[in-house]
Amino acid sequence: GMQGMMGEWMGGGSGTGMSDMMSRMMPMCIGMMMPDMDAEKRTETAVGILSAIVEKGAEGLSEEQRKSFFEALDGALKSKA
């Protein structure tokens, strides 16, 4: 739960542990904050988040992994549009 994740974060932990904890918290945080934003701020925030995902998400991946990564992102966007 949230307390366990915060405990891991406060305790420092390994870089991998921090990344794992953040990867679980980010979707929850985004889900909580977006509905409270006005439309303009929501768009600005979403574009910033997506830009970071697109730019950094494929870094260091093989060509096959990159293709799979972007197909998954494309599928997620199309399923909600």
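- Every residue two or more places apart in sequence or in another chain that forms a side-chain contact (heavy atoms from CB on, under 4.5 Å) with Ser62 is listed here: Glu64, Gln65.
- With sequence neighbours excluded, the residues forming a salt bridge (Lys or Arg N to Asp or Glu O under 4.0 Å) with Asp74 are Lys78, listed by chain and number.
- For Lys67, the side chain to side chain donor-acceptor pair (under 3.5 Å) partners two or more places apart in sequence, or in a different chain, are Glu71.
- Between Arg42 and Asp38 no salt bridge is recorded (no basic side-chain N to carboxylate O distance below 4.0 Å).
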Show me the side-chain donor-acceptor pairs of residues 25-35 shorter than 3.5 Å, one per line, residues at least two apart or across chains.
none

What side-chain donor-acceptor pairs closer than 3.5 Å can you find for residues 48-61, not counting sequence neighbours?
unit_1 : atom_1 : unit_2 : atom_2 : d
Ser51  : OG     : Val47  : O      : 2.8
Lys56  : NZ     : Glu59  : OE1    : 3.4

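- Glu40 is linked by a side chain to side chain donor-acceptor pair (under 3.5 Å) to nothing, counting only residues two or more places apart in sequence or in another chain.
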